[in-house]
2 protein chains.
Amino acid sequence: MKKVTMADVAKEAGVSKSTVSQFLNKRFEYMGENTKKRIEEAIEKLGYQPNFIARSLKQKRTSMIAIIVANILHYFSTGIIRAIEDFCRDHDLHAIVCNADDQPDQERRYIEMLRAKQVDGMIIFPTGKNRDLYEQMVREGYPVVFVDRQTGLDHAYSVVTDNAAATCQAIKQLIGQGHQRIAFVVQPLMVSTRKGRLEGYRKAMEDAGLPVDPDYIVESPVDEVKSRLESLFASKERPTALFAGNDRMFLAVMEFIKEKGLVLGEEVDLVVFDNIPFARLMDHPITFIEQPAAEMGRKAAELLFEQINGGKPEPEEYVFPSRMVQANPPAGPALPGNRVDPERK
Amino acid sequence: MKKVTMADVAKEAGVSKSTVSQFLNKRFEYMGENTKKRIEEAIEKLGYQPNFIARSLKQKRTSMIAIIVANILHYFSTGIIRAIEDFCRDHDLHAIVCNADDQPDQERRYIEMLRAKQVDGMIIFPTGKNRDLYEQMVREGYPVVFVDRQTGLDHAYSVVTDNAAATCQAIKQLIGQGHQRIAFVVQPLMVSTRKGRLEGYRKAMEDAGLPVDPDYIVESPVDEVKSRLESLFASKERPTALFAGNDRMFLAVMEFIKEKGLVLGEEVDLVVFDNIPFARLMDHPITFIEQPAAEMGRKAAELLFEQINGGKPEPEEYVFPSRMVQANPPAGPALPGNRVDPERK
DNA sequence: TTGTACGCGTTATCAT
DNA sequence: ATGATAACGCGTACAA
């Protein structure tokens, strides 16, 4: 019940605290075989467990890093987290995960708390609204890596995907299939990822000489998407394809499609930025843009690890490519009625 | 860049460390207005941040609790975690999450590490294989709450659901719909939840006077389920209904159903223990058994909190009821061809 | 009302 | 090879 300390072990083994400390830190070079054994036995007998808190106080390092994730509900986030944890397991680090729930205040609270707790470094999915904090950390040389979203800061380490390029490619594929009215459904454009994806959409449309109708750009919180789509479908010519900005948008869009009784692959095609675990269960063709979460998480962890150990990795920004994944590629005829043959223009 | 300590603040403000400490702990009772202001300014000027590590060492409490989850991939787990985090936010605690990945060794590693890190208590989804460790913690009076699964330990706090009763009810519903050959698909029966669910299945079958054919009890790791079902469907009379032991089993079972081209609600009915976020997107009728994750998480956090503060909550075991949720209740005729009218026996 | 001095459990630096 | 002692940054009697 009582905490047993190094001093207890030392007394039990008939040696001094420092010798016990040496033992624990595996500095056996000058240690006699039998003192070693005596200490071992004392530890065993007393059930001694070292106190990390005390060690951290002395060493000024906690062997803990923190992951501050903007929203843990994204499947992509958990993929990154798992990769970081794997890295940590192999490098004698421990990761603690905090969920900002898309709220900048929470993010700020966590960052401040974690620095007070002396975590050795952080990997942050920035909400985007705490630039002053981000900047301060970078300026002070505190180890930090930004993931998924860009901060616009100089000399900040970041790991992101090619949002614009991947989206552009996917939209071009839709256009190639004959789609001309493509709605772009996205959460409020506060963060770099969403802006990048929109940019890719714009580029694809413009490259194809298609108009970018602002009405087809549905910028809305997740819980309002259905009604926004409802009005879009009521007031305008219906889009023949939809782009969902991430996995949570996808759920909302799917609910809309289901309630509306639309048939995917016939009345409407769908592209989703993000992969999801149940993609294979979908009964209809959908295109998912998959980001390499595992590689990204690993790279972020590596970058942080190097900084913690005093390194200055180069380069500072890593951009990973995404790839398209087809769920249930359509087997039927090439051009359902709602599309325009791109050759027949 | 340099860490600024209480001593620096004291010097800057021209007072002593203890006065600064009083200030930080809001013991203003006997403090002069102007010393107070001077300290405030000094803190501001130096950008002082208290060091939690040092505080923890002194106070023997870290204000951190740990959640050790058997497998974070379960949707149910994340629901519980979120509820615990909410509670912590309101009680000046911080929760750190560790994923044992269903591996008892990992669980053991985490538990030992976290105790060394002096976390104030733990909420554990036990893998089931570390009884000695669990028992030791309970015996030492270390604050701990077990969630989801039972340990079989006396005087251990636990929060679980009525696995047997809920399963029994769901199976009875299937039987009431005319099903007689119901396959029970579950991961290896190492933990109490799975055993409880099987017990509920058995009871429902026996109560209805139906045979419990061991071939219909498919006990298998997730990644082997498909082939196990394959052989079952090849060698025996096909089951007309399936029970999936949890959400991951559900994914595997659905893949099987899809590959096999079976039509849910017609050729086969499905009951799943666990709810999932995309239940509403399913195109076919499925019954989900939903556990009250939020309430369970909250209760677990409360039980832990009370223990940390020296309380001995009563009772020790909390059993929460689950409820059935229908996705896409069938609108069509009551008795498709593959079922037997229960009245016509 | 404020300051002094010690303890928390460990590691680091010297001695021995 | 091992031991004595001083940090680490904070909280807290107790003294002033």
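Numbered from 1 within each chain, the chains take letters A, B, ... in sequence-line order. Computation of the quantities below employed the complete heavy-atom set of this structure, encompassing side-chain atoms and omitting hydrogens, waters and symmetry-equivalent molecules.
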Could [X] and [Y] be called an ion pair, given the rule that one side-chain N must be under 4.0 Å from one carboxylate O?
{"X": "Glu140(B)", "Y": "Arg115(B)", "value": "yes"}
{"X": "Glu33(B)", "Y": "Lys37(B)", "value": "no"}
{"X": "Glu302(A)", "Y": "Lys299(A)", "value": "yes"}
{"X": "Arg82(B)", "Y": "Asp101(A)", "value": "yes"}
{"X": "Asp8(B)", "Y": "Lys11(B)", "value": "no"}
{"X": "Arg108(A)", "Y": "Asp132(A)", "value": "yes"}

For nucleotides 2-6 of chain D, print each protein N/O atom paired with a nucleotide N/O atom at under 3.5 Å, atom names and distance only.
| from | atom 1 | to | atom 2 | distance (Å) |
| --- | --- | --- | --- | --- |
| dT2(D) | OP1 | Thr35(A) | OG1 | 3.0 |
| dT2(D) | OP2 | Gly32(A) | N | 2.8 |
| dT2(D) | OP2 | Thr35(A) | OG1 | 3.1 |
| dG3(D) | OP2 | Ser16(A) | N | 2.8 |
| dG3(D) | OP2 | Ser16(A) | OG | 3.3 |
| dG3(D) | OP2 | Thr19(A) | OG1 | 2.7 |
| dA4(D) | N7 | Ser18(A) | OG | 3.2 |
| dA4(D) | N6 | Ser18(A) | OG | 2.8 |

_Tell me whether the NZ or CZ atom of Lys36(B) lies within the 45° cone about the ring axis of Phe28(B) and under 6.0 Å from its centre._
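Yes; both conditions hold, so Lys36(B) lies above the ring face of Phe28(B).
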
*asked:* With no hydrogens and no angle check, just 3.5 Å: does a side-chain donor-acceptor pair link Thr19(A) and Ser16(A)?
replied: yes

Between [atom2] on [N] and [atom1] on [X], what's the gap in Å once rounded to a whole number?
{"X": "Lys60(B)", "N": "dC10(D)", "atom1": "NZ", "atom2": "P", "value": "19 Å"}
{"X": "Leu57(B)", "N": "dT12(D)", "atom1": "CG", "atom2": "C1'", "value": "14 Å"}
{"X": "Gln59(A)", "N": "dA7(D)", "atom1": "CD", "atom2": "P", "value": "18 Å"}
{"X": "Ile53(A)", "N": "dC8(D)", "atom1": "CD1", "atom2": "P", "value": "19 Å"}
{"X": "Asn51(B)", "N": "dC8(D)", "atom1": "CG", "atom2": "C1'", "value": "9 Å"}
{"X": "Met6(B)", "N": "dT12(D)", "atom1": "CE", "atom2": "P", "value": "11 Å"}
{"X": "Ile39(A)", "N": "dA1(D)", "atom1": "CD1", "atom2": "C1'", "value": "11 Å"}
{"X": "Ile43(B)", "N": "dC10(D)", "atom1": "CD1", "atom2": "P", "value": "10 Å"}

*asked:* Just checking Phe146(B) against Tyr134(B), ring centres under 6.0 Å apart?
replied: yes

Categorize [X] for me: base, sugar-phosphate, or nothing, with a 4.0 angstrom heavy-atom threshold over every strand shown.
{"X": "Ser21(B)", "value": "base"}
{"X": "Tyr48(A)", "value": "sugar-phosphate"}
{"X": "Phe52(B)", "value": "nothing"}

*Give, ordered by number, those residues of residues 109-117 of chain A having at least one heavy-atom distance below 4.0 Å to an atom of DNA chain C; if nothing qualifies, reply none.*
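Contacts with DNA chain C under 4.0 Å: none.
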
*asked:* With a strict under 4.0 Å distance from non-hydrogen atoms of chain B, what nucleotide opens and what nucleotide closes the contacted stretch of DNA chain C, reading 5' to 3'?
replied: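 That gives a stretch of dT1(C) to dG9(C).
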
_Atom of His155(A), atom of Val138(A) and distance for their closest heavy-atom approach_ = O-CG1, 3.4 Å

*Roughly how far, to the nearest 0.5 Å, is CD of Glu40(B) from OG1 of Thr35(B)?*
10.5 Å

